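A short worksheet on the structure shown next.
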Amino acid sequence: MHVNKPSRTKNSTAKRLASTLTLAEEDGKERLIHATFSLEPDIHRRLKMESARSGVPMSRMLTEWIKKHCPEEK
């Protein structure tokens, strides 16, 4: 597993973000990364309600949205 530590020098936000990304591999198998972020209470409630209604976990719903709206880097 490769882990990049954040730089202690002053960098742009993009450079700091890139320095904290990790290659999440263990024994050649990709593993999930736990992400923490904040949502407005109403947005969280709407996501949770749709998740319960559809039977799709919130993490899967967010993953699918990201796959659809955030192109992969080449």
Side-chain angles (χ1 to χ4, degrees):
M1 177 169 97
H2 302 280
V3 177
N4 294 324
K5 294 183 180 179
S7 172
R8 294 193 186 272
T9 61
K10 291 185 179 183
N11 291 326
S12 70
T13 301
K15 285 183 181 178
R16 285 184 309 203
L17 176 61
S19 73
T20 62
L21 297 176
T22 60
L23 177 60
E25 293 185 11
E26 203 170 272
D27 298 329
K29 294 182 180 179
E30 191 172 7
R31 67 175 177 85
L32 297 177
I33 300 292
H34 180 87
T36 302
F37 54 94
S38 300
L39 296 172
E40 294 174 2
D42 183 58
I43 299 297
H44 179 259
R45 181 187 59 77
R46 289 166 51 189
L47 178 62
K48 194 169 187 174
M49 293 294 290
E50 181 60 22
S51 173
R53 185 195 66 74
S54 66
V56 177
M58 291 190 295
S59 60
R60 187 179 307 157
M61 293 174 72
L62 293 171
T63 297
E64 293 303 318
W65 186 93
I66 292 167
K67 286 178 179 180
K68 181 177 178 180
H69 296 285
C70 301
E72 289 188 48
E73 291 186 18
K74 295 182 180 179

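Nothing here was measured: the structure is a model prediction, and the numbers come from that model.
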Side-chain donor-acceptor pairs under 3.5 Å in residues 62-70, sequence neighbours left out?
from  : atom 1 : to    : atom 2 : distance (Å)
Thr63 : OG1    : Ser59 : O      : 2.8
Trp65 : NE1    : His69 : NE2    : 3.3

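- Met61 and Ser51 get closest at one heavy-atom pair: SD-CA, 3.6 Å.
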Could you go through residues 35-46 and list every donor-acceptor pair under 3.5 Å that involves a side-chain atom there, pairing it with any protein atom two or more places apart or in another chain?
from  : atom 1 : to    : atom 2 : distance (Å)
Asp42 : OD1    : Arg45 : NH2    : 2.7

